[in-house]
Amino acid sequence: MAAKQIFQGLPWWVKWVVVPLLVIVLFGGLITSVVGFVAWLLFRALLLVAVIGGLVYVVRKFTSSSRSSRDDW
C-alpha cells in the first residue's frame with residue numbers, strides 16, 4: 001500500500017522506465033550472479049542425469065549381451 005502512495009503522483013515514465021532501470025543498474029550484478037548460478041546448477045543437474053542415463057544404458061547393454069552369451073553355452 002505504501003508503494004502505491006509513493007508512486008501515485010509520478011508520471012508513467014518514472015514508474016515504468018526510470019525505476020526499473022535504477023533497479024537493474026543497482027542490482028544488475030546480483031541479478032546476473034543469481035541467474036548464472038541457477039543456470040550452472042541446471043546444467044550440472046542435466047549433465048548428471050545424462051551421465052547416469054548413459055551408465056544405466058551401458059550396464060544394461062553389457063549385462064544383456066553377457067547373459068545371451070551365457071545361454072549359448
Should L48 and V56 be regarded as members of a common hydrophobic cluster, given that ILVMFWY residues are connected when their side-chain heavy atoms come within less than 4.5 Å of each other, either directly or indirectly? yes

Given side chains that start at C-beta, do those of L10 and F7 come closer than 4.5 Å, heavy atoms only? yes

Would you kindly confirm whether V59 and V51 end up in one hydrophobic cluster when ILVMFWY residues are joined by side chain heavy atoms under 4.5 Å apart? no

How long is the straight-line distance from CG of L42 back to CZ of F37, given to the nearest 0.5 Å? 12.0 Å

NZ/K15 to CD1/I6 distance, rounded to the nearest 0.5 angstrom? 12.0 Å

Please answer: with hydrophobic residues joined when any side-chain heavy atoms are less than 4.5 Å apart, are V49 and V58 in the same cluster? no

Do you know which two heavy atoms are closest between T32 and G29, and how far apart they sit? OG1-O, 3.0 Å

Are L55 and L46 linked, directly or through other ILVMFWY residues, by side chains that come within less than 4.5 angstrom of each other? no

Given L22, which partner from the list I24, V18, V19 fulfils the side-chain contact (heavy atoms from CB on, under 4.5 Å) test? V18

Does V23 share a hydrophobic cluster with L30, counting links as ILVMFWY side-chain heavy atoms below 4.5 Å and allowing steps through other members? yes

